Amino acid sequence: MSGAVRVRVDRERCCGAGNCVVTAPEVFDQDDADGLVLLRRAEPPADAADRVRLAVELCPAGAITVAPRPVPERSSTP
């Protein structure tokens with residue numbers, strides 16, 4: 001499955017395992033100070049969606065959530 005997604009992280013739940021950074025480094029990073037997840041791109045490119053979903057599955061703390069990105073409404077003015 002692929003498609004545009006919106007990502008959220010809960011640093012309070014993060015245990016610093018780093019699976020997310022290994023799986024999707026363009027979306028996640030680890031804070032040098034505490035080792036906890038940093039979200040680099042809340043709305044990653046669509047081609048990263050499968051890696052983000054895998055990061056969600058691999059996160060032992062359940063600190064990452066993902067939802068479909070809302071489709072922007074089209075303007076009726078030219």
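Everything numeric in this text was worked out from a predicted model, so none of it was measured. All residue numbers in this chain count up from 1 along the given sequence.
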Quiz prompt | Minimum side-chain heavy-atom gap Val7-Thr65 below 4.5 Å | solution = no

On a heavy-atom basis, the closest approach of Ala4 and Ala46 is N-CB, 4.2 Å

What one should report as the nearest heavy-atom pair of Val5 and Arg53 is CG1-NH2, 3.3 Å

Worksheet item: Taking C-beta and beyond as the side chain, do Leu36 and Glu12 meet within less than 4.5 Å on heavy atoms?
Response: no

- Does some side-chain heavy atom of Thr23 sit less than 4.5 Å from a side-chain heavy atom of Phe28? no

Note: Arg51 and Ala24 closest approach over all heavy atoms is CB-CB, 4.1 Å

query = Is a side-chain N or O of Arg69 found less than 3.5 angstrom from the main chain of Pro44, in a donor-acceptor match?
reply = yes

- Message: Please check: side-chain N/O of Glu43 versus main-chain N/O of Arg6, any donor-acceptor pairing under 3.5 Å?
- Response: no

Q) Are Val52 and Leu38 connected in a single hydrophobic cluster, I mean Ile/Leu/Val/Met/Phe/Trp/Tyr linked by side-chain heavy atoms less than 4.5 Å apart? A) no

Taking every heavy atom of Pro25 against every heavy atom of Arg40, the minimum-distance pair comes out as O-NH1, 2.9 Å

For Arg11 and Val37 the tightest heavy-atom approach is NH1-O, 2.6 Å

Heavy-atom closest pair (Glu26 atom, Ala48 atom, distance to 0.1 Å) is OE2-CB, 3.4 Å

